[in-house]
Amino acid sequence: MPGSRTGQSQSGDDSATEPILTVEELSVRIAGLHILQGVSFTVAPTGVTVLLGRNGVGKTTTLRAVVGLTPRNGEVGGAVRMGAEDLLTRPTHRLVRGGLGYVPEDRCVFAGLTVAENLRLAERRGSTPAYDRVYALFPELDRRSRQRAGSLSGGQQQMLAIGRVLINDNRLLLVDEPTKGLAPKVVTEVAEVLQRVAESVPVLLVEQNLAVVRRLARDAVVLDAGRVAWTGDAKRLLSEAALTKSLLGVGSAEVQH
């Protein structure tokens, strides 16, 4: 790939550490459509790695394949490892128990249950739930613990979706479009939380808001038509207008705001 840099950007003190996630030649077919066509990248053991690309290039499919949620009529090939563990051979519930946290694009809260009940359902057996952590990050959830999730605003539902993952300790978080459709104030709040979370657990993030990407991400992987088109330093990508335009189809004003 001309102009690309394979692997993650590295600073002197973390160059010897192994990736937390390795994706090799990941291929996904769904209903006969070849969605992912040999996607390969790594996720650093610290910070935020962002998965970018135009709509429909396979970003959400990549996250769903990693966590074992491709449709039953889908075919998955290649290799995905978290550390030394092979993820593609394990069911989703075992991956979650093993420390893989997933926040889906559509939030998937249980609308008829209260906030507290949603959080309780997310507790992992045999571990101590971190309610103090969740409520410290999202005080609104504490105040609305008895409110049904379906009556929350979109931003509050997103807080709950992230809170359900953070109720447990994780080795890696997959977060899909966390600021999609949110008001600017809530976007800022969600970005602040993810920034704090990434200080202790690595995050693989799908995000279209490039101002949020600029704030959070260290490394970037760009998909195009089901393939990796570019990997490298996220801030370098966003600072080069011609590169951003060619890979993402956006101008410099959209990157800044």
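Being a predicted model, the structure only gives us computed values, none of them experimental. Worth knowing before you read on, the calculation uses all heavy atoms, side chains too, and leaves out hydrogens, waters and symmetry mates.
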Novice: Please say whether more than 12 non-hydrogen atoms of neighbouring residues, nucleotides or ligands are located less than 6.0 Å from CZ in Arg148.
Specialist: no

Novice: Got a second to check how far Leu248's CG is from Leu237's CG, nearest 0.5 Å?
Specialist: 5.5 Å

Novice: Among Val109, Asn118, Leu182, find the residue that satisfies the side chain to side chain contact (heavy atoms under 4.5 Å, CB included) test when tested with Gln157.
Specialist: Val109

Novice: Using 0.5 Å steps for rounding, measure from the CG atom of Leu160 to the OG atom of Ser145.
Specialist: 11.0 Å

Novice: For the pair Leu247 and Asp224, evaluate side chain to side chain contact (heavy atoms under 4.5 Å, CB included) and give the outcome as yes or no after the intermediate values.
Specialist: CA-CA 8 Å; Leu247 291 171; Asp224 185 26; over 6 Å; no

Novice: Are the side chains of Gln158 and Phe138 in touch, meaning some heavy atoms are under 4.5 Å apart?
Specialist: no

Novice: Taking the side chain as C-beta and beyond, is there a heavy-atom pair between Val48 and Val213 under 4.5 Å?
Specialist: no

Novice: Salt bridge check: are Arg146 and Glu117 linked by an N-O gap of less than 4.0 Å?
Specialist: no

Novice: For a side chain to side chain contact (heavy atoms under 4.5 Å, CB included) check, start with the C-alpha distance between Asn168 and Leu166, then their side-chain angles and the critical distance, and finish with the verdict.
Specialist: CA-CA 5 Å; Asn168 304 293; Leu166 298 181; over 6 Å; no

Novice: First locate atom CZ of Arg90, then atom CZ of Arg97, and finally report the distance between them rounded to the nearest 0.5 Å.
Specialist: 12.0 Å

Novice: If we only count heavy atoms from C-beta on, is the Arg54 to Lys59 side-chain gap below 4.5 Å?
Specialist: no

Novice: Checking Gln156 side chain against Ser153 main chain: does a donor-acceptor pair fall under 3.5 Å?
Specialist: yes

Novice: Counting only heavy atoms from other residues, nucleotides and ligands, does the tally under 6.0 Å from CG of Asp132 exceed 12?
Specialist: no

Novice: State plainly whether one hydrophobic cluster holds both Leu152 and Val186, where clusters connect Ile, Leu, Val, Met, Phe, Trp and Tyr through side-chain heavy atoms under 4.5 angstrom apart.
Specialist: yes

Novice: For the backbone of Pro19 and the side chain of Thr42, can you confirm whether one donor and one acceptor N or O come within less than 3.5 Å of each other?
Specialist: no

Novice: Any heavy-atom pair between the side chains of Leu69 and Leu63 that's under 4.5 Å?
Specialist: no

Novice: One pair to check against side chain to side chain contact (heavy atoms under 4.5 Å, CB included): Glu207 and Thr179. What are the steps and the verdict?
Specialist: CA-CA 7 Å; Glu207 179 56 67; Thr179 69; 2.7 Å; yes

Novice: So which atom in Ala122 and which in Arg164 form the shortest heavy-atom distance, rounded to 0.1 Å?
Specialist: CB-O, 3.4 Å

Novice: Give the intermediate values and the outcome of salt bridge (Lys or Arg N to Asp or Glu O under 4.0 Å) for residues Arg143 and Glu140.
Specialist: CA-CA 5 Å; Arg143 291 192 290 269; Glu140 189 78 5; 2.6 Å; yes

Novice: Where do Leu52 and Ala220 come nearest, in terms of heavy atoms and distance?
Specialist: CD1-CB, 4.4 Å

Novice: Verify the cluster assignment for Val76 and Leu95: are they in a single hydrophobic cluster under the rule of side-chain heavy atoms below 4.5 Å apart?
Specialist: yes

Novice: To the nearest 0.5 Å, what is the distance between CG on Asp233 and CD on Glu240?
Specialist: 9.5 Å

Novice: Within the 4.5 Å heavy-atom criterion, are Arg218 and Lys235 side-chain neighbours or not?
Specialist: no

Novice: Specify the closest pair of heavy atoms between Leu88 and Gly78, including all atoms of both residues, with the distance to one decimal.
Specialist: CD1-O, 3.5 Å

Novice: Would Val187 and Val212 satisfy side chain to side chain contact (heavy atoms under 4.5 Å, CB included), going step by step from the backbone distance to the final call?
Specialist: CA-CA 8 Å; Val187 168; Val212 172; 3.7 Å; yes

Novice: For Leu26 and Val23, work out which heavy atoms get closest and say how close.
Specialist: CB-CG1, 3.6 Å

Novice: Check whether any side-chain heavy atom of Leu204 sits under 4.5 Å from a side-chain heavy atom of Phe41, and report yes or no.
Specialist: yes

Novice: Salt bridge or not for Glu189 and Lys185, using N-O below 4.0 Å?
Specialist: yes

Novice: If Ile, Leu, Val, Met, Phe, Trp and Tyr residues are connected whenever their side-chain heavy atoms lie under 4.5 Å apart, and connections chain through other members, are Val197 and Tyr135 in the same group?
Specialist: yes

Novice: Are Val134 and Val96 linked, directly or through intermediate hydrophobic residues, by side-chain heavy-atom contacts shorter than 4.5 Å (ILVMFWY only)?
Specialist: no

Novice: Have Glu177 and Asn209 got a donor and an acceptor in their side chains that come within less than 3.5 Å?
Specialist: no

Novice: So with a 6.0 Å cut-off around CZ of Arg94, is the heavy-atom count from everything else above 12?
Specialist: no

Novice: Side chains of Ser27 and Gln37: is there a donor and an acceptor less than 3.5 Å apart?
Specialist: no

Novice: List the atom of Ile20, the atom of Pro202, and the distance in Å for their closest heavy-atom pair.
Specialist: CG2-CG, 3.9 Å

Novice: Kindly work out whether a path of hydrophobic side-chain contacts (I/L/V/M/F/W/Y, heavy atoms less than 4.5 Å apart) joins Leu238 to Leu243.
Specialist: yes

Novice: So do Val165 and Leu173 actually touch side chain to side chain, heavy atoms under 4.5 Å?
Specialist: yes

Novice: For Tyr131, does the OH atom sit with more than 12 other heavy atoms under 6.0 Å from it, leaving out its own atoms?
Specialist: yes

Novice: What distance separates Met159 CE from Leu137 CG, expressed to the nearest 0.5 Å?
Specialist: 11.0 Å

Novice: Test Glu24 against Arg81 for salt bridge (Lys or Arg N to Asp or Glu O under 4.0 Å), laying out the working first.
Specialist: CA-CA 9 Å; Glu24 293 180 344; Arg81 297 186 302 277; 3.2 Å; yes

Novice: To the nearest 0.5 Å, how far apart are CD1 in Ile30 and OG1 in Thr61?
Specialist: 5.0 Å

Novice: Find out whether Val228 and Ser40 are in side-chain contact, i.e. whether some heavy atom of one side chain is under 4.5 Å from a heavy atom of the other.
Specialist: no

Novice: Could you pull out the closest heavy-atom pair between Pro45 and Thr17, with the gap in Å?
Specialist: CG-OG1, 3.5 Å

Novice: Go through it in stages, so that I can follow the logic: the residues are Arg133 and Asp169, the test is salt bridge (Lys or Arg N to Asp or Glu O under 4.0 Å), and I'd like the CA-CA distance, side-chain angles, deciding distance and then a yes or no.
Specialist: CA-CA 10 Å; Arg133 174 170 58 203; Asp169 291 328; 3.1 Å; yes

